[in-house]
Amino acid sequence: MRLYNTLTRREEEFAPAADGQVRMYTCGLTVYARGHIGNFRTFVALDVLRRALRHQEGYGMRHVMNFTDVDDRTILESQKAGLPLREYTGRYIEAFLEDAAALGLEPVEVSPRATDDENVAAMGETIRALEANGHTYRSDGSIYFKIATLPDYGKLARLDHAGMKSGARIDSDKYEKEDARDFVLWKATQPGEPAWDPGIGPGRPGWHIECSAMALRLLGEPPIDIHAGGIDLIFPHHENEIAQSEGATRKPFSRFWVHVEHLMIEEEPGAGSEKMSKSLGNVYNLQDIAERGFRASTLRYLYLGVHYRKQLKFSWTAMAQAEEAVRRLVDFLARLEALPVRPARPDLASRLEAAGTAFASHIADDLNTAAAIGVMFDLVRALNSSIDAGELGASDAEAVRTLFERFDRVLGVLSLRRAEDERPPVPVEEIERLIGARRDARLARNFAEADRIRKDLDARGIVLEDTGSTTRWKRK
RNA sequence: GGCGCCGUCGCCAAGUGGUAAGGCAGAGGUCUGCAAAACCUCCAUCCCCGGUUCAAAUCCGGGCGGCGCCUCCA
């Protein structure tokens, strides 16, 4: 498949370097708070990449997504909460896993925590290798990376430091550095802060070292195939990861760098938008989505409607439109269940095959999910039309379902919706009993009673639809 | 100030040289006990101004507007 590589600023043909297995690292969440829907835009987009590589391209995956469970904010917030760091961050890891499941993220092969003993040890090893290669210096008990020792520093971000805004705050650390652009690998112990000593002196990890160390430890010999994350990580995080990893190993770190654009929030129509971020305080999480009456599957669909390298303007209107679109798909799939037994339609196979090919080629085109979804809807209209004309039977339905399952292995929306629908607000037995009672009422032409039952269920979140002789239900 | 992205129907959004996918909303119609769903028909020449070309939403230049990175951030 074609994949945009930030390193070269071009789309390139992607295939794993070895054994048909993709070695991929995703920068995960800093677990000092519940992830918001901006965070999850990135994770869902990368989940689609993972699914496309696995289910469509047929590669094996070894995918690492970390939890950053030590940094200034996690330490600060855990202290505020009066909890040990590990326990405090553990709660948000749990919350993340719940949200990830709700959004249909496939579990990755490895989800390490930075503070796991073996990862701290790996950071020590990486830093020692950097020291041995002459890339570091020590100052006030901290260890720094000296970027002047790495000639191609900046190759990912391509920043022109000469032209940087005068007065821009470059140095946010209070530690002493030789050059403002140098960054800390290992922070000296501060009173009241947790500390480790993996053979380099007591302290705690700088922001970037964990990802280099874990990627190298868990994914083997560099270069890995793909390193991914939100677009804001290009600089400084990923640039510094490259410096650390390549300084330590003398080998290229990652072949592809994939970055997902931001989710933007528009609070009032026409008021302009800004990126959603915890520091701006304009965040919504999955709970907020649920409180507004929307489901996670709807949000997942909304994410996929915009190419991952374009900003996504989030609004409640957009959510409502996404919900209607998902409904159209679900209703179509439900229609397939009620088709009569009749001879298979001879020209259906080629129509389905064409759609399958078109869908796959859009996905293989740098994950053009929006165009792929368009293919799906084209097919829905054509097949709905055939159903109306009485041309489709049960055996055709099976072939159609199979194709949509193939689509959904990459998109992951329909299966998610189905899982949500398996837990309706009214017990299924009761719904079916009431449908039976209503059918009797209708046969007796007691429409008042029939409408009362439907209205009653509607108020409880269940919608009934009559289709010929049968009645089907769905969640509102 | 430097680097970069974006501007397509009322809303969301594909399309990067060959004459505008798809979804939502809307109008009219078919079907229907009602409701819903579904189907059919209708609904844009692509922010503005120049240029290149047989041909531009797509390339180039200049505006205007939105956003990002340069500082913690997905």
- Check whether any side-chain heavy atom of A:T30 lies under 4.5 Å from a side-chain heavy atom of A:Y92, and answer yes or no. no

- Message: Can you measure A:R442 atom CZ to B:G33 atom C1' for me and round it to whole angstrom units?
- Response: 8 Å

- Query: Counting distance only, does the side-chain N/O of A:N39 pair as donor-acceptor with the main-chain N or O of A:H36 below 3.5 Å?
  - Reply: yes

- Task: Side-chain contact test, heavy atoms from C-beta onward, threshold under 4.5 Å: evaluate it for A:T470 versus A:R439 and give yes or no.
- Result: no

- Task: Kindly indicate whether the side chain of A:Q321 and the base of B:C11 share any N or O donor-acceptor pair separated by less than 3.5 Å?
- Result: yes

- Query: Can A:R442 and A:D440 be counted as an ion pair, charged N to O under 4.0 angstrom?
  - Reply: no

- A:D378 side-chain proximity, nearest of B:G22, B:A74, B:C11: B:G22

- Task: Assign A:I234 to base, sugar-phosphate, or nothing according to its heavy-atom contacts below 4.0 angstrom with the strands shown.
- Result: nothing

- Any A:K310 side-chain N or O less than 4.0 Å from OP1/OP2 of B:C67: no

- For A:R438, which contact category applies under a 4.0 Å heavy-atom criterion: base, sugar-phosphate, or nothing? base

- Note on the structure: As its Watson-Crick or G-U partner within any shown strand, both distances under 3.5 Å, B:C59 has B:G51

- Task: Using Watson-Crick or G-U wobble geometry with both distances below 3.5 Å, tell me the partner of B:A21, or none.
- Result: none

- So, is A:R381 close to the B:A37 phosphate, meaning a side-chain N or O under 4.0 Å from OP1 or OP2? no

- Task: Quote, to the nearest angstrom, the P distance that separates B:A74 from B:C69.
- Result: 12 Å

- Tell which nucleotide pairs with B:C69, taking only Watson-Crick or G-U wobble pairs whose two distances are both under 3.5 angstrom. B:G2

- Could you please name the option among B:C67, B:C24, B:C34 that lies closest to any side-chain atom of A:E324? B:C24

- Query: Quantified in whole Å, what is the C1' atom distance between nucleotide B:C12 and nucleotide B:A44?
  - Reply: 15 Å

- Message: Taking the P atom in each of B:C43 and B:A36, what is the distance between them to the nearest angstrom?
- Response: 26 Å

- Task: Answer yes or no: side-chain N or O of A:D232 and base N or O of B:G68 forming a donor-acceptor pair under 3.5 Å.
- Result: no

- Pick base, sugar-phosphate or nothing for A:L263, based on heavy-atom distances below 4.0 Å to the nucleic acid. base

- Using the C1' atoms only, state how far B:G15 lies from B:U45, rounded to an integer number of Å. 14 Å

- Which part of the nucleic acid does A:M376 contact within heavy-atom distance under 4.0 Å: base, sugar-phosphate only, or nothing? nothing

- So what does A:A370 touch, heavy atoms closer than 4.0 Å: a base, only the sugar-phosphate, or nothing? base

- Do A:F447 and the base of B:G33 stack face to face, with centres under 5.5 Å apart and an angle between planes under 30°? yes

- In whole angstrom, give the distance that lies between atom CG of A:L312 and atom C1' of B:A14. 14 Å

- Item | A:E11 atom CD, over 12 foreign heavy atoms within 6.0 Å | yes

- Message: Between B:C42 and B:C9, how far apart are the two C1' atoms, rounded to whole Å?
- Response: 13 Å

- Give one of base, sugar-phosphate or nothing for A:G38, where a contact means two heavy atoms less than 4.0 Å apart. base

- Message: Heavy atoms only, 4.0 Å cut-off, all strands: where does A:V306 land among base, sugar-phosphate and nothing?
- Response: sugar-phosphate

- What nucleic acid atoms does A:D71 come within less than 4.0 Å of, heavy atoms only: base, sugar-phosphate, or nothing? nothing

- Query: Are OP1 or OP2 of B:A36 and a side-chain N or O of A:K474 less than 4.0 angstrom apart?
  - Reply: no

- Task: Using the P atoms only, state how far B:G17 lies from B:G26, rounded to an integer number of Å.
- Result: 37 Å

- Options B:G68, B:C24, B:C12, nucleotide nearest the side-chain atoms of A:Q311: B:G68

- Is there a side-chain polar atom (N or O) of A:R309 under 4.0 Å from OP1 or OP2 of B:C5? no

- More than 12 foreign heavy atoms under 6.0 Å from CZ of A:R445: is that the case here? no

- Task: Calculate the interatomic distance between A:F183 atom CZ and B:U71 atom P; express it in whole Å.
- Result: 14 Å

- Message: Counting only Watson-Crick pairs (N1-N3 plus N6-O4 or O6-N4) and G-U wobbles (N1-O2, O6-N3), all under 3.5 Å, who is the partner of B:C43?
- Response: none

- Item | Mate of B:C9 where both pairing distances stay under 3.5 Å, Watson-Crick or G-U | none

- Can you tell me the Watson-Crick or wobble partner of B:U16, both distances under 3.5 angstrom? none

- Message: Need to verify one output field. Residue with the more 5' nearest nucleotide on RNA chain B, A:V380 or A:Y301?
- Response: A:Y301

- With respect to A:P194, which candidate in A:T115, A:T189, A:L85 satisfies the side-chain contact (heavy atoms from CB on, under 4.5 Å) definition? A:L85

- Query: For B:A37, does either OP1 or OP2 sit under 4.0 Å from a side-chain N or O belonging to A:N384?
  - Reply: no

- What integer distance in Å separates A:H259:NE2 from B:C67:P? 23 Å

- Item | Whole-Å P distance, B:C48 and B:C11 | 15 Å

- Separation of B:G4 atom C1' from A:L156 atom CG, nearest Å, is 13 Å

- Task: Could you tell me whether A:H307 contacts a base, only the sugar-phosphate backbone, or nothing, with contacts defined as non-hydrogen atoms closer than 4.0 Å?
- Result: sugar-phosphate

- Does A:R454 make a side-chain N or O approach to OP1 or OP2 of B:A35 shorter than 4.0 Å? no

- Taking only N and O in the side chain of A:R327, is any of them less than 4.0 Å away from OP1 or OP2 of B:C24? no

- Query: Is there a donor-acceptor pair under 3.5 Å between the side chain of A:D331 and the backbone N or O of A:A334?
  - Reply: no

- Message: Rounded to whole Å, how long is the line connecting atom CD1 of A:I231 with atom P of B:C6?
- Response: 10 Å

- Item | Pairwise 5' ranking along RNA chain B for A:D331 and A:A320, keeping only the more 5' one | A:A320

- Does any nucleotide pair with B:U32 by Watson-Crick or G-U wobble geometry, both distances under 3.5 Å, and what is it? none

- Expressed as a whole number of Å, how far does the C1' atom of B:A25 sit from that of B:A13? 14 Å

- Under-4.0 Å side-chain N/O to phosphate OP1/OP2 contact, A:T30 with B:A74: yes

- Message: Which label fits A:H238 and A:H227: parallel for a plane angle under 30°, tilted from 30 to 60°, or perpendicular past 60°?
- Response: perpendicular

- A:T467 and A:R472, any side-chain heavy atoms less than 4.5 Å apart: yes

- Grab the CG-P distance between A:N282 and B:G68 for me, whole Å please. 10 Å

- Message: Counting distance alone, no hydrogens or angles: does the base of B:C31 have a donor or acceptor under 3.5 Å from a partner atom on the side chain of A:D388?
- Response: no

- Message: Without decimals, in angstroms, what is the distance between A:F235 CZ and B:C72 P?
- Response: 8 Å

- Hey, is the side chain of A:K455 poking within less than 4.0 Å of OP1 or OP2 on B:A35, counting only N and O atoms? no

